[in-house]
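Report on the structure given below.
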Amino acid sequence: MSDILKDLAITIQSRKGADPDSSWTAKLLSKGPEKCAEKFGEEAIEAIIAAAKDDRENLTYEAADVLYHLLVMLAARDVALEDVLDELARRQGVSGIEEKAGR
């Protein structure tokens, strides 16, 4: 399953510096990291609303948008998906309470 995210991250990375008129991703990235973060926040709120309304179909759609915009935001700040996955792997098997106490 993570191959889909990895492939998407590679595609997003390939759009950095591309003509903004050539793709939505290039257009978002051309607006800078702040706009990418703002768009991620908008999509997250839409997902929250869908979850609160128990709208499974819309939540699925919005969750996909959230993942896409998260990857765009990470790319805008030069944070590799692999780094995020490595952090998740580090946390695997550690309770959330222990992990937070270790910060």
Side-chain angles (χ1 to χ4, degrees):
M1 186 169 8
S2 66
D3 286 346
I4 293 169
L5 289 177
K6 289 177 182 178
D7 289 347
L8 181 56
I10 290 167
T11 299
I12 290 167
Q13 192 65 31
S14 75
R15 300 295 196 272
K16 287 181 89 171
D19 178 2
D21 292 330
S22 69
S23 81
W24 173 248
T25 302
K27 184 175 285 195
L28 276 174
L29 289 167
S30 74
K31 293 179 179 183
E34 295 83 3
K35 183 63 177 176
C36 294
E38 179 184 320
K39 189 64 180 164
F40 169 74
E42 290 171 10
E43 297 300 337
I45 290 168
E46 290 173 5
I48 291 165
I49 291 168
K53 291 182 175 182
D54 196 21
D55 184 345
R56 182 181 175 95
E57 183 178 339
N58 197 37
L59 177 55
T60 300
Y61 177 85
E62 295 301 341
D65 282 352
V66 166
L67 291 173
Y68 164 77
H69 284 91
L70 172 61
L71 293 176
V72 171
M73 182 177 65
L74 292 172
R77 286 293 185 198
D78 296 318
V79 175
L81 173 60
E82 200 61 41
D83 293 342
V84 176
L85 295 176
D86 288 346
E87 177 59 19
L88 285 173
R90 183 189 70 77
R91 295 179 186 187
Q92 192 170 8
V94 177
S95 82
I97 293 171
E98 288 176 38
E99 193 279 327
K100 287 194 178 286
R103 287 190 199 179

- dist Leu5:CG -> Leu85:CG (nearest 0.5 Å) comes out at 7.5 Å

- Under 4.5 Å between side-chain heavy atoms, hopping through other hydrophobics if needed: is there a path connecting Tyr61 to Ile48? no

- Task: Return the minimal non-hydrogen interatomic distance between Met73 and Cys36, and the atom names on each side.
- Result: CA-CB, 4.1 Å

- Taking the side chain as C-beta and beyond, is there a heavy-atom pair between Glu82 and Lys6 under 4.5 Å? yes

- Message: Let me confirm one number: the CG-CD distance from Leu70 to Glu43, rounded to the nearest 0.5 Å.
- Response: 12.0 Å

- Message: Can you tell me how far apart CD1 (Ile12) and CG (Asp7) are? Round to the nearest 0.5 Å.
- Response: 11.0 Å

- Item | Worked verdict on Arg15 versus Val72 for side chain to side chain contact (heavy atoms under 4.5 Å, CB included) | CA-CA 10 Å; Arg15 300 295 196 272; Val72 171; over 6 Å; no

- Query: Under 4.5 Å between side-chain heavy atoms, hopping through other hydrophobics if needed: is there a path connecting Leu88 to Val66?
  - Reply: yes

- Item | Between CD1 on residue Ile10 and CG on residue Leu81, distance to nearest 0.5 Å | 9.0 Å

- Message: In the structure I gave you, are the side-chain heavy atoms of Asp65 and Glu62 within less than 4.5 Å of one another anywhere?
- Response: yes

- Non-hydrogen atoms of Asp19 and Ala26 that approach each other most closely: O-CB, 3.6 Å

- pair Thr11-Thr25: side-chain heavy atoms closer than 4.5 Å: no

- Query: Out of curiosity, does Val79 fall in the hydrophobic cluster containing Leu71 (side-chain heavy atoms, cut-off under 4.5 Å, transitive links)?
  - Reply: yes

- Could you tell me the separation between the CG atom of Leu59 and the NZ atom of Lys53, rounded to the nearest 0.5 Å? 12.5 Å

- Message: Using modelled atom types and a 3.5 Å cut-off, is there a donor and acceptor pairing between side-chain atoms of Lys16 and backbone atoms of Ala75?
- Response: yes

